[in-house]
Amino acid sequence: MVKLTFYGGVREIGGNKILLEDGERKLFLDFGYPYSKYRIYYEEYLKPRAGAGLLDLLAMGLLPHLEGIYRTDLETGNLWQQFRRAEHYRRLEDIGGVLLTHAHLDHSGHISFLREDIPVYSTATTAFIAKAIQDSGKADFDQQVCYFTPRVEECLKGWKQGAYFASGGCDQQRRLRVADRLKLSEEAEQFWAEVVRHKKLDSRPLDDIGECSFNLRCFPVDHSIPGACAWGIETSSGWVVYSGDLRLHGRRGRLTEAFMHEAANLHPRALILEGTNVSKATNIAEQEVYENAFKAIDSARDLVIADFPARDVDRLLTFLRVARETRRKLAILPKDAYLLKTMRLLEPEIPDVGQEDAIVIYQETTASKNPAQWLKKTYEEYAGKVVLAKDVASNQDDFILCFSFWDLNELPSIRPQVGSLYVFSSSEPHNEEQEMDFRRLHKWLRRFGLRGLGLPVETNGDWEIPEEEKGLHASGHARGPDLLRLAREIRPGTLIPVHSEKPEFYLDNLGDAGINIVLPSEGGTVEM
Ligand SMILES: [Zn+2]
């Protein structure tokens with residue numbers, strides 16, 4: 001019998017952790033960071049204690065109570081004794097792997113806690129972006145997806161046994177298995193191997209993945225981060241298809257179309273489908289974002305700030321095009337430059353930051369004298385392209401500055417001219433904390449006399465972008481009618497909605513489709 005158990009992504013957007021079992025064979029579909037569950041108990045200054053290992057996460061219900069799947073260096077004392085009576089406790093061994101759909105942390109983040117011998121299957125782009133995010137981010141102990149530093153005692157033990165001499169350190173690299181490429185350039189191999197020298201990226205055809213013993217299909221799809229895919233798993237009860245996050249209206253929407261047709265041809269027994277935007281009836285396409293942004297920026301005087309989601313490379317390229325056509329320079333942050341450089345290792349059509357005249361790199365005013373290795377290398381490599389606050393301040397109409405809310409503290413050094421433009425090209429707030437941030441953002445704009453465009457405003461407790469300013473953000477997720485089309489065309493025996501706050505949408509709208517719809521429960525199992 002095939003069983004699907006849902007440990008995350010149930011009535012929440014993100015945090016997907018789905019266990020697929022077919023007799024003895026087991027796989028996880030994503031193993032994401034559950035932002036909304038964290039927010040119930042934690043905030044910026046109240047966090048799970050890194051030194052407590054798995055304890056806080058298990059005690060607070062942020063990780064499923066599955067003994068045997070986690071890194072042993074994070075176990076303290078008799079950790080499991082206190083959880084063996086917990087509701088969904090299980091001992092679980094021999095996981096064949098994690099099928100990762102994309103590098104957004106709400107799908108990948110908690111891979112950090114899994115045993116390092118559990119392989120992670122993904123596209124090459126997802127593996128590389130995950131590493132770039134970790135290299136250039138804060139990489140807290142709960143977000144070390146690609147590599148991690150084991151806790152001290154484990155490290156010393158390994159040191160004594162000589163296991164770490166070859167790599168010169170304790171860092172452990174996870175076993176990522178690339179599903180869509182057989183050959184990587186030497187440069188790409190090097191990028192991957194720079195953490196733990198003796199570990200190369202493992203890439204081989206999917207039908208040669210002996211160890212997870214399932215027949216797998218990896219379907220590239222379009223989402224707001226490059227490299228996203230959906231998965232097909234052939235089980236003894238038929239194919240199970242898992243969508244990950246996707247959209248039909250983006251630049252690579254034809255990939256999602258192709259997935260839809262190929263998945264339909266498998267006549268799947270089950271389809272696990274996302275439902276982030278079930279209540280949205282319409283979509284903005286990336287082309288409209290370009291047109292609207294161009295119109296606004298072409299007529300702008302003084303400084304332009306563009307605020308868009310990190311790692312949305314499509315959006316970055318949209319603003320690059322606008323910058324070229326309005327004869328401005330796109331001032332990106334070092335982490336954006338690092339991401340573009342990483343992507344170029346796999347996709348030569350991505351612009352070369354060093355050669356692209358319309359790109360410069362903004363250096364934070366109070367940058368550390370002793371920057372991290374990746375940052376130092378980035379500044380060195382693009383030395384001629386670095387601009388400082390004073391360069392932007394003295395030639396404001398030369399730039400589109402790629403800042404988000406978190407970079408606003410640079411503004412006192414830049415002092416934008418009154419009437420400068422702040423283009424908001426991202427989504428509305430989804431929770432109270434984000435609403436607070438938006439209130440702050442509005443205050444910052446007022447303080448510096450910036451003109452906001454596309455910014456959500458609060459009316460009677462609801463946050464909405466004014467009608468005439470819509471069209472500056474294309475969502476990463478398919479709208480309701482597109483999701484229904486996906487479900488109807490793929491026509492699975494059973495549809496299981498995840499990654500949605502309103503999964504009933506499918507019950508309400510697919511009653512006539514002859515599809516059995518099952519709403520999963522947290523920790524609950526759907527049997528096939
Ligand atoms: Zn996503």
Side-chain angles (χ1 to χ4, degrees), residues 6 8-18 28-39 98-112 120-134 137 143 145-146 179 218-231 241-253 255-256 259 271-280 283-284 286 308-316 339 343 404 425-431 434 473-480 482-483 486 497-503:
F6 295 79
V10 177
R11 282 189 189 278
E12 62 179 324
I13 292 180
N16 291 19
K17 291 186 180 84
I18 304 160
F28 272 106
L29 311 179
D30 283 335
F31 210 76
Y33 187 97
Y35 284 99
S36 46
K37 286 195 188 111
Y38 269 72
R39 263 193 305 272
V98 178
L99 306 185
L100 174 61
T101 56
H102 61 288
H104 280 150
L105 284 167
D106 63 332
H107 291 253
S108 67
H110 270 183
I111 286 173
S112 320
V120 176
Y121 300 97
S122 76
T123 62
T125 304
T126 291
F128 274 45
I129 293 180
K131 180 168 179 291
I133 291 174
Q134 190 176 345
Q143 297 181 7
V145 176
C146 292
C218 173
F219 305 101
V221 295
D222 189 28
H223 183 41
S224 46
I225 188 167
C229 71
W231 288 96
V241 173
Y242 171 48
S243 70
D245 290 352
L246 44 66
R247 62 179 170 190
L248 282 158
H249 61 278
R251 269 199 196 136
R252 289 169 303 265
L255 292 178
T256 310
F259 154 67
L271 169 65
I272 304 166
L273 180 60
E274 73 126 315
T276 316
N277 277 352
V278 286
S279 4
K280 289 219 165 111
N283 271 324
I284 308 289
E286 196 65 35
F308 56 88
R311 290 124 206 174
D312 188 340
V313 176
D314 287 338
R315 191 62 42 78
L316 197 151
L339 179 65
M343 292 236 3
S404 74
S425 179
S426 199
S427 45
E428 297 101 329
H430 297 300
N431 57 57
Q434 288 173 358
H473 174 56
S475 168
H477 300 276
R479 63 188 180 132
D482 289 349
L483 291 165
L486 276 156
V498 292
H499 203 281
S500 181
E501 285 172 347
K502 294 180 191 111

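Heavy atoms only: backbone and side chains are in, while hydrogens, waters and symmetry mates are out. Each ligand, and each atom within it, is numbered from 1 in the order the structure gives.
- Partners of Asp482 under the side chain to side chain contact (heavy atoms under 4.5 Å, CB included) rule, at least two apart in sequence or in another chain, are Leu248, Asn283, Ala478, Arg479.
- A search for side chain to side chain donor-acceptor pair (under 3.5 Å) contacts involving Tyr33 returns nothing, not counting sequence neighbours.
- Put simply, the side chain of Tyr121 does not reach to within 4.5 Å of the side chain of Val98, judged on heavy atoms.
- Thr101 pairs by the side chain to side chain contact (heavy atoms under 4.5 Å, CB included) definition with Asp30, His107, Trp231, Tyr242, not counting sequence neighbours.
- With hydrogens and angles disregarded, no donor-acceptor distance shorter than 3.5 Å links the side chain of His430 to the backbone of Ile13.
- Of the possible donor and acceptor atoms, one in the side chain of Glu274 sits under 3.5 Å from a partner among the backbone N and O of Leu246.
- The distance cut-off of 2.8 Å around the Zn ion (ligand 1) captures these protein N, O or S atoms, sorted by chain and number: His102 NE2, His104 ND1, His223 NE2, Asp245 OD2.
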